[in-house]
Colleague: 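Can you keep this structure in mind? I'll have questions shortly.
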Amino acid sequence: MSIDANAVVLERYNAKVFKNRKEHMLKVNPAEDQIIIANTRAIPGIMTNRGCCYAGCKGVVLGPIKDMVTITHGPVGCGFYSWGTRRNKAKAEGDTPNYIQYCFTTDMQEPDIVFGGTKKLKKAIDEIMELMHPKTIMIAATCPVGLIGDDIQAVAAEAEQEYGIRCVAYSCEGYKGVSQSAGHHIANNGLMKRVIGTGDYEPATKYSINILGEYNIGGDGWEQERILKKIGYEVVSVFTGDGEVERIASSHKANLNLVQCHRSINYIAEMMKTKYGVDWLKVNFIGLEGTVQSLRDMAAYFGDPELAQRTEQVIAEELAEVQDQMAAYKARLNGKTAALFVGGSRSHHYQGLLQDLGIKTVLAGYEFGHRDDYEGREIIPNIKDDADSKNIEHITVEKDEKKYHAYLTQEQYDKLAAEIPLEKYHGMIRDMDEGTYVVDDLNMYEAEKFMEILKPDMFFSGIKDKYALQKAGTLSRQLHSYDYSGPYAGFKGATQFGYDLCMGYFTPAWHMVTPPWKNRATLQGTVGE
Ligand code: CFN
Ligand code: HCA
């Protein structure tokens, strides 16, 4: 019988930690309807890779919008350490300014904590207006702001009055929720309430779309736009990579929302469907197969034969351009194995691109994915939820919660399937092979241990564990920042990814590194005592 790596990893935990972590791990068995616990608080003291609510709101969703200024209201570290570390690219175009290379923070000090920070925040807005005169200012709160109770909403309302701008405050204090995920939700709600629906840009064609959950890391969004424009789509707005407030404000005028990252922005997709009737389609522009399928799904949605024909023509052209390169990379990488541990959707999306190159995923997990990201669910487009849009998370979290339509009995499903096109949203587990491993909120100890047991040829994760993995002799690539390379999306991005993997895997350096467990006794003990 094959070894159960989860059991070996769990062995070192004390009873309490064992019980907790056991529920966050599974070995894939397609014969079972497997469940996994996710989106729960990390164990104090364990080296989790997760970030905070502020990171999810300001860093992930709001940060990439280029024509607005986002002020971090809090001590300087939060602003400074979230400055330029996520590789969301943006460029100024025409009259649209680009403020993302700047870091704006109130740099709260002890007297502000004691006597309140609103005066300093107001002063920061005055300075920004004098120096930059943006049309929109966003305020993102960090931990102490919530603790001392600064009324940032009142400051924002006052600034709107005084300067005639849009000013929105987000109470996204880092300690809220259990990870970045709470921050995504807060940012989504703010954009929905204060930005979407306020613009008057009119799309020029009926093939008008928004790309939701595309943050233009390493230029991914630009590659997607290139392909979509070539087919004849009009991209009204992108949420939020290289994004513009003015376009996001008019996004409700588009005819279809594409959802690239499902985790960070599903709330907006659902809310726009309810409020403006804009349908949404889950896409995946990572990997050749994913890209081709997504383009075909889009053409099918619009149902125009001419568009479908143009889609096929572009697919054929693009594939012809990359096939030789992809074949060359595949010949070198075929049969290799990979572990993936990224925040939300990427651990799933990148498995397709790896497969294009013949690489098999043996371990995958999310930092902050919810149960639906792992287990999947069935979504029926065009049927209104019985849940209030605020509670969308509940629909996706409670798998056995029968009162939401997202979980139907087979009979209900069959009945509806006969009338309405059903879209299946596959969670990651269903797309993985039998005997592979899924681990939620993987920690540093577990990463090292799995590496020792499963010996993947490459490990994809982030800056926090990259160098520990690399020092242990395994190629480690950052799937957040792409190690400053990219784009990796679409057709051209796939070849860049293949190139980077070949370069990384075949570097002679690996023969010179000996993992410590090969020739040294490592420190043993029980974790959690
Ligand atoms: S760009 Fe996205 S794709 S938005 Fe999200 S869930 Fe983070 S910042 Mo890092 S790379 Fe990562 Fe995803 Fe969506 Fe990025 S996997 S952790 S919050 N993420
Ligand atoms: C975040 C941003 C991050 C961090 C990346 C990493 C990103 O979660 O706050 O840990 O390497 O993609 O920049 O996910």
Side-chain angles (χ1 to χ4, degrees), residues 38-39 47-64 72 77-79 81-89 100 140 142 172 174 177-188 211-221 224 238-243 259-269 282-286 290 340-351 353 364-370 372-374 428 440-444 447 459-470 476-484 486-489:
N39 191 30
M47 294 288 281
T48 171
N49 268 325
R50 282 174 166 178
C52 68
C53 179
Y54 159 80
C57 179
K58 186 266 180 185
V60 173
V61 180
L62 299 179
T72 297
C78 302
Y81 288 108
S82 59
W83 177 38
T85 52
R86 186 160 174 264
R87 286 194 57 245
N88 45 282
K89 292 189 166 197
I100 75 162
T142 71
C172 55
V178 301
S179 69
Q180 292 93 314
S181 183
H184 302 148
H185 205 157
I186 290 170
N188 280 216
I211 313 179
L212 270 57
E214 173 45 59
Y215 301 95
N216 205 28
I217 308 299
D220 275 355
Q224 287 165 40
V238 183
F239 289 65
T240 55
D242 196 24
V259 183
Q260 168 67 23
C261 165
H262 190 265
R263 180 66 270 138
S264 61
I265 211 139
N266 59 354
Y267 317 100
I268 283 180
K282 187 169 185 330
V283 291
N284 173 18
F285 287 112
I286 302 295
L340 293 93
F341 181 66
V342 207
S345 68
R346 291 186 175 190
S347 303
H348 187 188
H349 282 164
Y350 271 83
Q351 292 189 32
L353 178 51
Y366 300 125
E367 276 173 44
F368 49 73
H370 295 202
D372 63 299
D373 297 313
Y374 288 106
M428 183 168 77
D440 174 63
D441 188 18
L442 188 79
N443 59 54
M444 198 61 244
F459 207 118
F460 296 92
S461 58
I463 193 72
K464 293 163 198 154
D465 44 13
K466 177 187 171 85
Y467 294 100
L469 302 165
Q470 199 151 283
S476 168
R477 297 286 308 174
Q478 296 182 65
L479 272 197
H480 302 258
S481 67
Y482 301 162
D483 288 286
Y484 327 108
Y488 285 163

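Values below: every heavy atom of this structure, side chains too, minus hydrogens, waters and symmetry copies. Both ligands and their constituent atoms are indexed starting at 1 by order of listing.
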Colleague: Is the Lys NZ or Arg CZ of Arg86 less than 6.0 Å from the centre of Tyr215's six-membered ring, within 45° of the axis?
Modeller: yes
Colleague: Between Glu214 and Gly221 (side chain of the first, backbone of the second, donor and acceptor by atom type, cut-off under 3.5 Å), is there such a pair?
Modeller: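 Between the backbone of Gly221 and the side chain of Glu214 there is a qualifying donor-acceptor contact (under 3.5 Å).
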Colleague: Could you tell me the separation between the NE2 atom of His480 and the OG1 atom of Thr85, rounded to the nearest 0.5 Å?
Modeller: 11.0 Å
Colleague: How many angstroms lie between atom CZ of Arg263 and atom CZ of Arg346, to the nearest 0.5 angstrom?
Modeller: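 Interatomic distance, Arg263 CZ to Arg346 CZ, rounded to 0.5 Å: 15.0 Å.
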Colleague: Below 4.0 angstrom from a heavy atom of Ala55, which ligand 2 atoms are there? Numbered from 1 as shown, please.
Modeller: 9 (O)
Colleague: For Lys466, which part has a heavy atom under 4.0 Å from ligand 2: side chain, backbone, both, or neither?
Modeller: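 The answer is neither; Lys466 stays 4.0 Å or more away.
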Colleague: Within the structure, does Gly462 bring an N/O atom to less than 3.5 angstrom of an N/O atom in ligand 2?
Modeller: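 Min N/O separation from ligand 2 is not below 3.5 Å for Gly462.
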Colleague: Are Pro64 and Asn216 packed together at the side-chain level, in the sense that at least one heavy-atom pair is separated by less than 4.5 angstrom?
Modeller: no
Colleague: Any salt bridge linking Arg87 with Asp483? Criterion: basic side-chain nitrogen under 4.0 Å from a carboxylate oxygen.
Modeller: no
Colleague: Below 4.5 Å, heavy atoms only, C-beta onward: do Gln470 and Phe459 meet side chain to side chain?
Modeller: no
Colleague: With heavy atoms of Gln180 as the reference, note each atom of ligand 2 found under 4.0 Å away.
Modeller: 1 (C), 8 (O)
Colleague: Arg86 versus ligand 2: do any nitrogen or oxygen atoms come within less than 3.5 Å of each other?
Modeller: no
Colleague: Can you label the angle between the Tyr350 ring and the Tyr488 ring as parallel, tilted or perpendicular, going by 30° and 60°?
Modeller: perpendicular
Colleague: Answer whether the closest heavy-atom distance between the side chains of Met428 and Asp373 falls below 4.5 Å.
Modeller: no
Colleague: Within the structure, is a non-hydrogen atom of Gly51 found at a distance of less than 4.0 Å from ligand 2?
Modeller: no
Colleague: For Gln180 and Glu367, what are the C-alpha separation, side-chain angles and deciding distance, and is it a side chain to side chain donor-acceptor pair (under 3.5 Å)?
Modeller: CA-CA 9 Å; Gln180 292 93 314; Glu367 276 173 44; 3.3 Å; yes
Colleague: Using a 4.0 Å cut-off on heavy atoms, what residues surround ligand 1? Order them by chain and number.
Modeller: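 Around ligand 1, where the cutoff is 4.0 Å for heavy atoms, the contacting residues are Val60, Arg86, His184, Tyr215, Ile217, Cys261, Ser264, Val342, Gly343, Gly344, Ser345, Arg346, Phe368, His480.
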Colleague: For ligand 2, which atoms sit closer than 4.0 Å to a heavy atom of Ile463?
Modeller: 6 (C), 10 (O), 11 (O)
Colleague: Provide, to 0.1 Å, the distance between atom 14 (O) of ligand 2 and the closest protein heavy atom, together with that atom's residue and name.
Modeller: His480 ND1, 2.9 Å
Colleague: Please say whether Glu367 places an N or O atom under 3.5 Å from an N or O atom belonging to ligand 2.
Modeller: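 Such a contact does not occur with ligand 2.
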